[in-house]
Amino acid sequence: MSHLSAAEVLGLPLPAWAQFRPDDGGPVTAVVEPIPWGPKSGPHFRQPGRFIHLSRPRDGSLPRRRGVAGHRLTLRDGDLTDLEGVIVTSVARTWVDLATMLPLDDLIVVGDAIVSEHERSFGPPRVPMVSLQKLRLFVEKANGVHGVRKARIALDLLRVGVDSPPETKLRLMLEDAGLPAFVPNCRVDDALGKPVWTDLGCPAYRTCLEYEGLHHLSPEQQALDAYRDQRVSEAGWRQVKINKIDMKQGRKWVVARVVQVLRKQGWKN
């Protein structure tokens, strides 16, 4: 199992359009691994979620069965892993293979999830699926693997410490707009010198961002958030809260909200 199917089995975050949605088995298909250049065509590109993606070694025959997108891969040591009896491409190899199917921003979202790690003053430490250093080494040695060109571009845009796909998308919006750098899992020391962890922070202008998902609507979480907000404010930082509705408004809306606060903190664009 490889590509999008391996990503789902491994628990990697995929955009909704790429998630598995079987359609009565789908058409009979047998496709070679897509080349990393030129126009992409065929149902496995237009509707990749309709298929289970299976691969065989480069010198083997293509899988040919109903509802299957077949690929042939050049496999190396460490490219495969056994997951409860199911052979799938490894996390690192799957990420490179996804570069043949996902747009760059979505590939970065997956990459951020893979390398995410942090240790805070609360909760258990987060351990990466693959450390950024190991992923970098894997990609450096992946010469000739389809997708490696885009993977190398995405690799330089990954950041360690992200907790969710919306945080990555928010960060990329701000970077594309040319705003000062925001660091994931940014530490802010409160008036007593104790740490407050923010989703994204810009220490240069003492501005932080919080992406508020549905779990922030519970009374318990709202109480915790209010206490966090007070500590951040007393430390001299300004905060911007972004939610799903803001993201649907688009980049211009989100960037304008952040710019307004950055200017109050002394940033001049």
Side-chain angles (χ1 to χ4, degrees), residues 11 13 108-109 111-135 156-247 249 251 253-269:
I108 296 170
V109 166
D112 273 3
I114 289 172
V115 304
S116 181
E117 62 177 313
H118 51 63
E119 187 168 355
R120 299 167 173 166
S121 53
F122 64 91
R126 178 161 183 164
V127 179
M129 301 178 75
V130 178
S131 70
L132 181 58
Q133 181 180 4
K134 290 182 178 179
L135 185 62
D156 290 334
L157 299 172
L158 301 188
R159 299 293 182 269
V160 174
V162 175
D163 276 330
S164 68
E167 289 177 26
T168 296
K169 293 177 181 178
L170 175 57
R171 175 177 64 81
L172 294 176
M173 276 186 182
L174 304 182
E175 289 180 0
D176 290 344
L179 270 59
F182 279 81
V183 180
N185 191 41
C186 182
R187 173 174 173 159
V188 175
D189 289 329
D190 67 12
L192 299 177
K194 296 182 178 180
V196 182
W197 302 99
T198 63
D199 290 343
L200 294 165
C202 177
Y205 294 99
R206 300 173 74 83
T207 300
C208 60
L209 311 179
E210 291 293 331
Y211 182 83
E212 301 207 319
L214 292 177
H215 73 282
H216 286 271
L217 297 178
S218 70
E220 295 80 6
Q221 187 61 46
Q222 287 181 345
L224 291 172
D225 290 347
Y227 181 49
R228 177 204 63 204
D229 298 347
Q230 178 184 344
R231 295 169 67 197
V232 167
S233 176
E234 290 174 351
W237 285 60
R238 287 183 182 265
Q239 187 179 75
V240 184
K241 295 185 178 182
I242 303 294
N243 57 36
K244 184 177 181 180
I245 296 175
D246 291 307
M247 297 295 277
Q249 293 282 347
R251 169 180 151 175
W253 170 269
V254 172
V255 169
R257 291 198 59 203
V258 178
V259 165
Q260 183 180 30
V261 174
L262 282 171
R263 285 174 176 165
K264 290 179 180 178
Q265 295 293 85
W267 180 65
K268 296 179 175 60
N269 60 332

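Reckoned from all heavy atoms, side chains included, excluding hydrogens, waters and symmetry mates.
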Would you confirm whether R171, through its side chain, and A181, through its main-chain N or O, come within 3.5 Å as a donor-acceptor pair?
no
Heavy atoms only: give me the nearest M173-V255 pair and the separation to one decimal.
O-CG2, 4.1 Å
Here the gap from L209 atom CG to Q239 atom CD, rounded to the nearest 0.5 Å, amounts to 8.5 Å
Indicate yes or no for a side-chain donor-acceptor contact from D112 to the backbone of R159 under 3.5 Å, with no hydrogens or angles considered.
yes
Quick one: which residue pairs count as a salt bridge (Lys or Arg N to Asp or Glu O under 4.0 Å) with a foot in residues 257-269, not counting sequence neighbours?
D246-R257
Donor-acceptor contact below 3.5 Å, side chain Q265 vs main chain R206
yes
G201 and P203: which non-hydrogen atoms are nearest, and at how many Å?
O-CD, 3.4 Å
On a heavy-atom basis, the closest approach of L262 and Y205 is CD2-CB, 3.9 Å
Where G193 and R187 come nearest, the two heavy atoms and their spacing:
O-NH2, 4.1 Å
Please tabulate, for side-chain N and O atoms in residues 125-134, each donor-acceptor pair with protein atoms closer than 3.5 Å (sequence neighbours left out).
residue : atom : partner : partner atom : Å
R126    : NE   : S116    : OG           : 3.3
R126    : NH1  : D163    : OD1          : 3.3
S131    : OG   : K134    : N            : 3.1

Any idea which heavy atoms bring C208 and V232 closest together, and the distance?
SG-CG1, 3.7 Å
The criterion is side chain to side chain donor-acceptor pair (under 3.5 Å); which residues satisfy it with Q249, sequence neighbours excluded?
none
Does D190 reach the main-chain N or O of R231 with its side chain, forming a donor-acceptor pair under 3.5 Å?
no
Taking C-beta and beyond as the side chain, do F182 and D199 meet within less than 4.5 Å on heavy atoms?
no
Contact check, side chains of V240 and R238, non-hydrogen atoms, under 4.5 Å
no
Could you pull out the closest heavy-atom pair between P165 and V109, with the gap in Å?
CB-CG1, 3.6 Å
K169 side chain reached by Y211 side chain, heavy atoms, under 4.5 Å:
no
